[in-house]
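Contents: one structure, followed by commentary.
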Amino acid sequence: MTFLNRGSKSLAAILFSDVESFTSRMAENESHVLALVQRDFQCMTELCQHFDGRVIKSTGDGLIMCFNSAEKAVLCAVQIQAQLMADAKRLAAEDVLRHRIGIHLGEITFTSNDVMGSGVNIAARLQGQAPSGGICISQTVYDVIKSNSAVSIKAIGEKQLKGIKEPMVLYHIDLPEETVKKIAQENQERTISAKQKYPLAKQDSNVVQSSRSLPKVLLTSLIVTGLITALRYLGVLQPLELWAFNQMMQLRPTESLDKRITVITIDDDDRRIYGDNIYSISDESLEKLLTILEKHKPRVIGLDLYRDSPEKTSSTVVSPSLQRMSNVVGICKISDPTVGSAGIAPPQGLPSKRVGFSDFIEDIDGVLRRQILALKPDAADPCQTSYALSVLLAFQYLKVDGFNLKWTSDQQLQIGSVIFPKLRSHFGGYQGINATNQILINFRSQLLNPGSQITLTQVLTGNVSKGAFEDRVVLIGVVSPQNGDQWKTVYSWQNIKTIPGVMVHAHVVSQMLSAVKDNRPLIWAWPQWIDVLWLLGWGGIGMLIVRLGQSFIWLGVGLGIASLTLYSTCFLVLTIGGWLPFIPSMLVLIGVISWGMIARIR
């Protein structure tokens, strides 16, 4: 069929179809009705092409067709209704749609993908005057086809159509039973091919629709998953993933205190009495403290104190107790040229095997989630130790119980049979980070201090109970905010905004002791390829929701249930140490279901 160019006017026959009671049928079972509409549209489109017509567009529940002659438009309409009526005899009532058709011959204007003009408006009004499963035509169409004996025409008189100034004489085209049988018989051979591709026999129409749209849904799921995976790999989702990690960590149940750890805190009052700067206490006070602790027989002592202010390089005083007590571990600080830090040397008299570095590493959002286990300092660095303070304290404690420390072939720290899963550059929500010899800190719930706590003044004045330090890890450190050793953690959005560095060391020590002796979980994450499979799985769940959702309400309910299931799964797995990709999975789920909603609107 040849039509004029875009923007040109032409005299043409317009066929306008519509599904009777479409809105109420959609409310009953949306997905099923949509499948039936697509089934009938396929039949109608093939018949339109057979009569040299052109389907201009779909109106949702109807089609607009254009023909060069009114006769072909009417014959096509008769064939459509006859075919649908013949097929309805073999279908269940719920699988039958009744279409109404209006036809008018008039002047229209073509655009690139649409047709406009009074002819279209009148045809749209005519279909509303057609009976269920019938055809209504205008006077102009009647004048052309009235001599055609193949159809039976009945005048219904003048009608005032909405939006049309003058009343119009309208006609119905009758479809007697014998005509339906005759036309169905004549069209049997011509339509058999279409029937094989789009069966109209009694069957589940959802299956028919699924066979046509399933590849599109699958492709969409793969595209959405691929896009989210790429964005995640590039680090775009990292802030959201770290935020979600914080929220889930905060919801974990409160844990009991670790009775193997005691922290001696040095607050502002203690510093005023026993201190000589904001970073430490006087040499005399430290010597007295160590002498008292030696009598209480702690298993290992962690001295989280710089023996001089960071502006100096090392202490000039050699502590007799530090030299004598082999269970004391001091600290130093690794230099960091990127922030202008020259590093801080360890206390005088301590061998390197009894010195651990005190350095932490913050994430880009200023939150401390990672612990450096080991590193190799430069030769000129004032801090010449390979292990973190917390690692040395945990190892010295566990060595008494017969546990040995070693590194596996893939450079993961192992104590006894427990391997501490090291971070990778792409680990959980982290993407592209420097993760050398690091683990995630599994803080002991929202507690400020994972163990017991006592002030320096209480110890030096003898106000301590018997057994307060015996056979324990004892950490000594400044908790005053003025010394700058304060850190945000995953719990910093609750009542506790920051915690002192000595408490962070205590949490890491408790984490290592509990993992080896109590089987407390460490935080792990899947390799990337398993994460991708997980995302594909949630894309599949989104596909299933799109396929089964019978309305937008059901799609919303399905999304809500799936989201709750996803969050609950990720949270429960985190309680046993697993960091699953919640945010990417949620985005995949929303993306696939949103596509399903948009597709239905279209």
Side-chain angles (χ1 to χ4, degrees), residues 9-26 37 40-41 44 47-48 51 53 55-85 88 96-110 114-177 179-180 183:
K9 294 184 177 181
S10 174
L11 184 65
I14 295 295
L15 184 154
F16 201 110
S17 74
D18 172 76
V19 175
E20 183 184 28
S21 304
F22 179 72
T23 302
S24 59
R25 291 289 300 272
M26 284 283 285
V37 169
D40 290 354
F41 278 5
M44 296 164 72
L47 287 170
C48 175
F51 286 96
V55 176
I56 302 299
K57 69 175 184 179
S58 166
T59 60
D61 65 331
L63 294 177
I64 300 178
M65 303 178 187
C66 191
F67 297 83
N68 274 334
S69 76
E71 185 174 10
K72 287 186 176 182
V74 171
L75 291 176
C76 179
V78 171
Q79 295 278 17
I80 287 173
Q81 295 292 32
Q83 185 67 61
L84 294 178
M85 289 178 67
V96 175
L97 295 179
R98 300 295 181 185
H99 298 260
R100 298 174 299 186
I101 295 177
I103 305 174
H104 179 65
L105 180 64
E107 192 176 69
I108 58 174
T109 300
F110 288 100
D114 205 349
V115 62
M116 297 179 293
S118 60
V120 179
N121 296 335
I122 293 174
R125 301 306 178 193
L126 290 176
Q127 62 84 16
Q129 298 295 320
S132 177
I135 305 165
C136 181
I137 63 175
S138 65
Q139 181 70 49
T140 56
V141 175
Y142 172 77
D143 291 341
V144 174
I145 68 163
K146 60 185 177 181
S147 61
N148 192 324
S149 60
V151 294
S152 175
I153 306 173
K154 176 183 177 182
I156 61 172
E158 285 191 348
K159 298 287 185 181
Q160 183 65 57
L161 303 180
K162 183 179 179 181
I164 309 300
K165 291 183 179 180
E166 300 295 333
M168 296 184 64
V169 178
L170 307 183
Y171 299 84
H172 285 170
I173 295 179
D174 292 331
L175 294 174
E177 184 67 23
T179 303
V180 175
I183 293 177

Gap between atom CG of Asn68 and atom CG of Leu11 - 0.5 Å precision = 9.5 Å
dist Gln79:CD -> Leu47:CG (nearest 0.5 Å) comes out at 6.5 Å
List the atom of Leu105, the atom of Ala13, and the distance in Å for their closest heavy-atom pair.
-> CD1-N, 3.7 Å
Check: Gly117 main-chain N/O paired with Thr109 side-chain donor or acceptor under 3.5 Å | no
side-chain contact (heavy atoms from CB on, under 4.5 Å) between Gln129 and Leu161, worked out = CA-CA 9 Å; Gln129 298 295 320; Leu161 303 180; 3.8 Å; yes
Take Phe67 and Leu15 through the side-chain contact (heavy atoms from CB on, under 4.5 Å) test and state the conclusion after the steps.
-> CA-CA 8 Å; Phe67 297 83; Leu15 184 154; 4.0 Å; yes
Judged by atom type as modelled, is there a donor-acceptor pair below 3.5 Å linking the side chain of Gln160 to the main-chain atoms of Lys165?
-> yes
Any donor-acceptor N/O pair, His104 side chain to Asn121 backbone, under 3.5 Å | no
List the atom of Gly119, the atom of Ile108, and the distance in Å for their closest heavy-atom pair.
-> CA-CG2, 4.2 Å
Atom pair NZ/CG of Lys154 and Asp174 - distance to nearest 0.5 Å | 6.5 Å
Quick one: closest heavy-atom pair of Arg100 and Pro131, and the distance?
-> CG-O, 3.4 Å
Measure the spacing between SG of Cys48 and CZ of Phe41 and express it to the nearest 0.5 Å.
-> 12.5 Å
Please say which of Leu126, Ile56, Thr59 ends up in a side chain to side chain contact (heavy atoms under 4.5 Å, CB included) with Phe16.
-> Thr59
Heavy atoms of Leu84 and His99 approach each other most closely as CD1-CD2, 3.5 Å
For the residue pair Tyr142 and Tyr171, categorise the inter-ring angle as parallel (less than 30°), tilted (30 to 60°) or perpendicular (more than 60°).
-> parallel
Taking all non-hydrogen atoms of both residues, which atom of Leu97 and which atom of Asp40 are closest, and how far apart?
-> CB-OD2, 3.6 Å
Looking only at atom types and distance, does a side-chain atom of Arg125 sit under 3.5 Å from a main-chain N or O of Lys162, one as donor and one as acceptor?
-> yes
Check Ser138 against Met168 and note the closest heavy-atom contact, atom names and distance.
-> CB-CE, 3.9 Å
Given the options Ile173, Ile101, Leu170, Cys136 meets side chain to side chain contact (heavy atoms under 4.5 Å, CB included) only with Leu170
Trace of the side-chain contact (heavy atoms from CB on, under 4.5 Å) decision for Val141 with Val74 = CA-CA 8 Å; Val141 175; Val74 171; 3.6 Å; yes
CD/Glu166: more than 12 non-hydrogen atoms of other groups inside 6.0 Å | no
Mind checking the CE-NZ spacing from Met65 to Lys72? Nearest 0.5 Å is all I need.
-> 15.0 Å
Could you check if a side-chain atom of Gln81 sits within less than 4.5 angstrom of a side-chain atom of Ile135, using non-hydrogen atoms only?
-> yes
Find the distance between CD1 (Ile122) and CD1 (Ile103) and round it off to the nearest 0.5 Å.
-> 14.0 Å
